[in-house]
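For reference, the structure is listed below as structure tokens.
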Amino acid sequence: MQLHFAPLQGYTTALYRQLHHSMWGGVAWYYTPFVRIEKGDFRRRDLSDIAPDKNTGTPVVPQMLPRDAKELQQLTELFLSNGYKRADINMGCPFPPVALHGRGSGLLPHKEMVAELMQATEKYPEMEFSVKMRLGWQDNNEWSELIDILNATPLTHITLHPRTGRQQYKGLVDMKAFEEFCQRCNHKIIYNGELNTVADIERFTTQYPAIKSVMMGRGLLARPYLSTLLTGEHSVSNSDIIERTHTFHNALYNALQATSQGESQLLQRAHALWEYFLPQAPRKERKAVVKSTSTRQYESATEKLFASWQADCDNIELM
Ligand SMILES: Cc1cc2nc3c(=O)[nH]c(=O)nc-3n(C[C@H](O)[C@H](O)[C@H](O)COP(=O)(O)O)c2cc1C
């Protein structure tokens, strides 16, 4: 089973991807949060996130959010000039300001726009393209109008998150539609959505043995060590996982410290880390981290959390 780390805007930054890769391993590919064109130009933070010197040694696929063939060309050329040989096309973003302007999942009701984009990929035989998509924007059947176009395009794979854009990240994933999609899609398929624990992955692989790759997003932010456990070191102890998670946190925090301007920015960025991180950590101690009002308080609260977690390590379920 091959594991892919989903792109998560605001979370899976170049720094995060590099630290995760060096400390945990087990991820075949990390996808960058989408790179887009705004007012005709690239965004500075996107350029910095895909810069080769920030991604050395990490298996990274940059992701683009094009609206039409012209944007796809600009973005492909940007990726090529940064040395990338793979590019992922976002046809799944559900965020209304994106989708209502015909990007992300907003492309899915427009067969002619998808055809235009797929045709544009063929101008770049030196680039391998993949698509990350949902079932549709409004309707869970919109994909069926697109499948012939997608099948006719040379893609390395399609990652499917079986929800509609309108659903955002809520509601059930539609496994029946996923199965129909698998039957009609000629490309390799990567499944994405609500795989959060080892048990979730085991259930999925038992039910869908033909699907050899999955993509995890929020589940890996919550339990960053899962990639190690899933793809190799099954026998690692709870105590070791907690110690390594502590080191991982401190490395992230130190890197934030080195790049933040002032205490309030550092605290804000450190708190953002915890939006998805370690929901299974001791409750009282986690609350103290999230509610800390100074970096000193934050640092002492995180030390307490890891100490208390470690003290209880034989009685907890981490997977
Ligand atoms: C905060 C946040 C940011 C995201 N940013 C992106 C993005 O830049 N590109 C993308 O294709 N998907 C993005 N996604 C969707 C995830 O990649 C993934 O498809 C989704 O979270 C479902 O997978 P999961 O249940 O494993 O988290 C984002 C999701 C969240 C919650």
Side-chain angles (χ1 to χ4, degrees), residues 1-14 16-17 20 27-38 42-43 45-46 49-50 60-67 75 79 86-99 103-108 117 129-137 143 155 157-175 177-178 181 189-201 203-205 211 213-224 226-227 230 269 271-277 279:
M1 208 269 306
Q2 208 185 46
L3 186 62
H4 295 234
F5 206 139
L8 294 137
Q9 194 79 232
Y11 297 90
T12 56
T13 56
Y16 186 95
R17 299 189 300 266
H20 188 275
V27 170
W29 291 99
Y30 293 81
Y31 295 73
T32 71
F34 59 71
V35 177
R36 64 171 296 179
I37 310 241
E38 224 171 53
F42 305 121
R43 299 182 298 184
R45 68 159 191 260
D46 291 346
D49 192 61
I50 64 160
V60 171
V61 181
Q63 187 191 63
M64 61 170 77
L65 183 78
R67 184 173 55 184
L75 291 158
F79 294 172
R86 286 178 168 234
D88 190 58
I89 303 172
N90 181 319
M91 300 203 316
C93 181
F95 190 44
V98 166
R103 293 190 174 88
S105 63
L107 279 164
L108 299 170
L117 285 181
F129 289 92
S130 55
V131 164
K132 180 167 179 283
M133 63 185 283
R134 292 185 176 231
L135 297 167
W137 159 244
W143 65 271
L155 301 170
H157 62 266
I158 295 181
T159 306
L160 184 69
H161 178 61
R163 284 189 170 109
T164 60
R166 285 272 191 215
Q167 272 182 283
Q168 303 271 326
Y169 296 104
K170 296 184 284 280
L172 292 178
V173 282
D174 187 341
M175 297 312 281
F178 171 68
F181 185 92
I189 294 170
I190 300 183
Y191 172 83
N192 167 243
E194 304 297 337
L195 298 178
N196 295 318
T197 62
V198 171
D200 290 343
I201 305 256
R203 246 191 321 272
F204 179 84
T205 47
I211 306 291
S213 304
V214 294
M215 177 184 274
M216 286 178 84
R218 292 162 296 175
L220 266 179
L221 290 182
R223 296 174 168 81
L226 281 190
S227 57
L230 281 164
R269 292 167 77 188
H271 281 162
L273 264 183
W274 290 82
E275 277 165 32
Y276 292 102
F277 192 43

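Remember, it's 1-based here, ligands and their atoms both numbered in the order they're listed. Quick note: residue numbers are just sequence positions, from 1.
Between H20 and Y16, the ring planes are parallel. Angles under 30° get that label, and only those over 60° would be called perpendicular. F178 and F204 have tilted rings, their planes meeting at an angle from 30° to 60° on a 0 to 90° scale. Relative orientation of the Y169 and H161 rings is tilted, given thresholds of 30° and 60° on the angle between their planes.
The shortest heavy-atom contact between L75 and L65 is CD1-N, 4.2 Å.
Listed for the S130 side chain is no donor-acceptor partner under 3.5 Å among the backbone atoms of L155.
Side-chain contact between R103 and F34: absent, with no pair of heavy atoms (C-beta onward) separated by less than 4.5 Å.
For ligand 1, the 4.0 Å heavy-atom shell takes in A6, P7, L8, Q9, Y11, P33, F34, Q63, N90, K132, H161, Y169, N192, G193, E194, M216, G217, R218, Y276, ordered by chain and residue number.
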